[in-house]
Amino acid sequence: LVSRRQAAPPAGLAESGRLRLLLKGDLDRIIMTALRKRPNRRYATAAALSEDIERYFGGHPVRARGASTAYRLRKFVQRNQAASVALVAIIGTLTVALILVRGQALEAERQRDLAEQEAARALSAKEFLIELIGRSDPFENTESATLAGALRQSVDGMEARFDGQPALEAEMRYAIGYALQNLGEIPLAREQIERAQVLRDEVGAPVDRAEVFDALGIINWWESDFNSGEVNFAEALGLLAGDESERARVLKVNVYNNLAGLRADGGRFEASVEASDAALAASAGLEIGLETQASIWGNKANALGSIEGRGQEAIEAFEKAAELQKAATGEMHPNYAIILNNLGLTHYMMGNLEEMTVLFERSLEIRRETLGPEHPQTATALFNLAGGQVAAGQFEAAEPTVLEALRVAENGWEPGHPRIGKAHETLAKVYRALEQPKRARAHGNEALALYEAAPSVDPAWIASVQSILDSLPPAD
């Protein structure tokens with residue numbers, strides 16, 4: 001009806017072209033199903049219609065459209081955009097396997113044995129991908145129909161599935177492990193990466209092994225185990241030394257960039273700038289993507305912002321990083337949120353509290369939208385916003401923010417993780433300002449215990465929480 005209508009839509013609705021796009025597809029099917037002349041083709045009950053409307057608003061496949069695999073997969077990707085990015089790594093690996101077998105098939109008569117091996121490899125990869133997609137489909141898997149749930153279920157039985165194909169098993173485990181750490185599933189990610197390491201030690205080239213050491217370094221970084229991360233990144237760089245292949249050179253850029261980020265989080269800011277400069281130097285002459293360029297400049301800016309007298313350099317570097325990231329992905333992307341967050345921290349250190357608060361709030365908004373409310377990075381954004389509110393003297397507003405941060409952190413990280421201590425430390429500051437010393441002391445002691453038990457944390461963290469405890473009146 002809208003398509004045939006000549007007059008403009010009623011006031012309050014979008015213009016005709018936009019309105020047609022909004023109504024097309026699922027919403028149109030729901031309405032047309034409700035209007036079917038034959039009762040057995042309409043919704044059986046009002047509850048069934050209500051359920052389909054709820055599915056529509058939740059981004060899930062609607063019953064009125066049927067249940068084709070392509071349609072359900074498209075809906076899954078639409079409502080899990082950030083998580084689905086992680087799946088690209090796995091699909092890319094599988095696609096390479098399928099492309100390889102096509103090329104080998106052209107020379108099947110000359111290389112029959114090799115072609116048969118590649119055919120088996122491609123078949124295994126294809127079957128694994130189909131099964132993985134099924135596990136992420138709520139029509140097929142009602143227990144854990146998310147990408148993270150599908151990946152968790154898929155690792156069982158991988159050894160038997162890829163029996164006799166250690167190189168392919170290593171690729172699958174590496175891709176799944178990398179995706180899981182992006183989804184915040186750190187313990188399971190470590191298991192898969194470590195298994196990939198064992199396999200690649202047996203059958204992998206040096207660049208393959210370097211790739212795994214880089215992934216282990218990233219996991220160490222997640223865990224705030226900065227010493228182990230430094231060792232793993234150094235192992236990766238050692239394996240890449242002297243390899244001038246494009247793959248090795250690109251990986252070297254990424255390793256230096258990851259090393260820069262880890263060093264900055266560990267409080268080694270001058271060394272972090274050195275690693276960022278090494279990444280920029282290694283990228284010369286390479287086709288490096290905009291996102292990687294943005295990440296390099298972001299890490300460099302993050303370290304510069306923590307070095308006295310270099311705040312303005314940091315702001316300029318962050319603005320360059322934000323420009324590159326926005327050109328690559330737009331604003332609704334976790335990496336853009338990270339850049340805004342770190343730019344906010346720099347403004348905080350320079351005393352620009354109003355700019356800081358705006359940036360922290362926008363960063364949190366993007367992370368909630370793209371990663372979800374329970375992701376560890378969302379917890380980090382909450383920590384920083386709460387810290388900014390404390391710095392601005394907004395203690396009553398900070399309390400619910402940091403309580404939410406603590407809840408998300410305890411759900412997202414393993415017990416004892418030092419990032420959980422950051423929430424306790426901020427709560428100690430809040431309750432000290434609100435003149436509730438008993439609560440402040442309890443949270444301060446909890447933070448101190450977590451920091452001291454961690455494998456390695458920035459000594460400034462311990463000094464900060466100790467100064468809070470020292471400032472409180474003696475316990476009753």
Side-chain angles (χ1 to χ4, degrees), residues 214 217-218 221 226 229-230 233 237 249-367 370 377 380-381 383-385 387-388 391 458 460:
D214 178 55
I218 293 172
W221 184 7
F226 303 121
E230 187 93 22
F233 288 139
L237 291 170
R249 292 177 64 198
V250 171
L251 181 56
K252 188 181 297 183
V253 172
N254 289 324
V255 175
Y256 274 126
N257 188 36
N258 291 330
L259 179 59
L262 174 135
R263 285 175 172 177
D265 270 5
R268 301 178 59 213
F269 304 115
E270 297 282 2
S272 176
V273 173
E274 290 177 8
S276 291
D277 287 338
L280 289 170
S283 68
L286 289 173
E287 290 292 330
I288 299 297
L290 292 174
E291 283 194 83
T292 300
Q293 295 178 49
S295 178
I296 295 170
W297 281 102
N299 279 333
K300 182 173 182 177
N302 194 32
L304 286 169
S306 298
I307 299 173
E308 187 175 355
R310 305 190 73 175
Q312 188 56 43
E313 288 180 72
I315 288 176
E316 292 170 4
F318 274 129
E319 288 173 348
K320 184 175 182 64
E323 180 183 353
L324 289 164
Q325 186 67 46
K326 187 174 180 179
T329 62
E331 292 190 6
M332 295 308 295
H333 191 280
N335 287 339
Y336 190 77
I338 290 171
I339 294 170
L340 295 185
N341 175 83
N342 293 339
L343 177 56
L345 288 171
T346 302
H347 278 293
Y348 164 69
M349 286 184 277
M350 296 180 70
N352 307 326
L353 300 185
E354 185 174 346
E355 291 91 337
M356 170 208 69
T357 302
V358 171
L359 289 162
F360 282 168
E361 288 176 346
R362 178 58 176 157
S363 177
L364 175 59
E365 178 186 356
I366 294 171
R367 292 194 209 200
T370 59
Q377 283 198 29
T380 299
F383 294 154
N384 291 334
L385 176 57
D458 184 348

Residue pair Ala271 / Arg263: nearest heavy atoms and the distance that separates them: O-NH1, 3.1 Å
Non-hydrogen side-chain atoms of Phe269 and Asn302 separated by less than 4.5 Å: no
Test side chain to side chain donor-acceptor pair (under 3.5 Å) applied to Asp214 and Asn258, step by step: CA-CA 8 Å; Asp214 178 55; Asn258 291 330; 3.0 Å; yes
Validation row: Gln377, Asn341 side chains within 4.5 angstrom (heavy atoms): no
Point-to-point distance, once rounded to the nearest 0.5 Å, from CG of Leu364 to OG1 of Thr380: 11.0 Å
Side chain to side chain donor-acceptor pair (under 3.5 Å): pairs with one or both residues in residues 276-286, sequence neighbours excluded: Asp277-Lys300
Check: Tyr256 and Leu237 side chains under 4.5 Å, non-hydrogen atoms: yes
For the student: nearest non-hydrogen atoms of Ala279 and Asn257, plus distance: CB-N, 4.0 Å
Tyr348 atom OH, neighbour heavy-atom count above 12 within 6.0 Å: no
Between CH2 on residue Trp297 and CD1 on residue Ile339, distance to nearest 0.5 Å: 12.5 Å
Between OG on residue Ser363 and CG on residue Leu345, distance to nearest 0.5 Å: 9.0 Å
Least distance between heavy atoms, Asp458 atom then Gly267 atom: OD2-CA, 3.7 Å
Minimal non-hydrogen separation, Ala317 against Ala301, with atom names: CB-CB, 3.4 Å
Residue pairs fulfilling salt bridge (charged side-chain N to carboxylate O under 4.0 Å, His left out) with at least one residue in residues 265-275, sequence neighbours excluded: Glu230-Arg268, Asp265-Arg419
Least distance between heavy atoms, Gly229 atom then Leu262 atom: CA-CD1, 3.7 Å
Pairs touching residues 317-329 that satisfy salt bridge (charged side-chain N to carboxylate O under 4.0 Å, His left out), sequence neighbours left out: Lys326-Glu331
Main-chain N/O of Leu304 paired to Arg310 side chain as donor or acceptor, under 3.5 Å: no
Under the side-chain contact (heavy atoms from CB on, under 4.5 Å) test, residues paired with Gln312 that sit two or more places apart: Ile315, Glu316, Met350
Results of side-chain contact (heavy atoms from CB on, under 4.5 Å) for Asn335 - residues two or more places apart only: Glu291, Gln325, His333, Ile338
Closest non-hydrogen atom pair between Thr346 and Gly311, with its separation: CG2-O, 3.9 Å
Results of side-chain contact (heavy atoms from CB on, under 4.5 Å) for Leu359 - residues two or more places apart only: Leu340, Leu343, His347
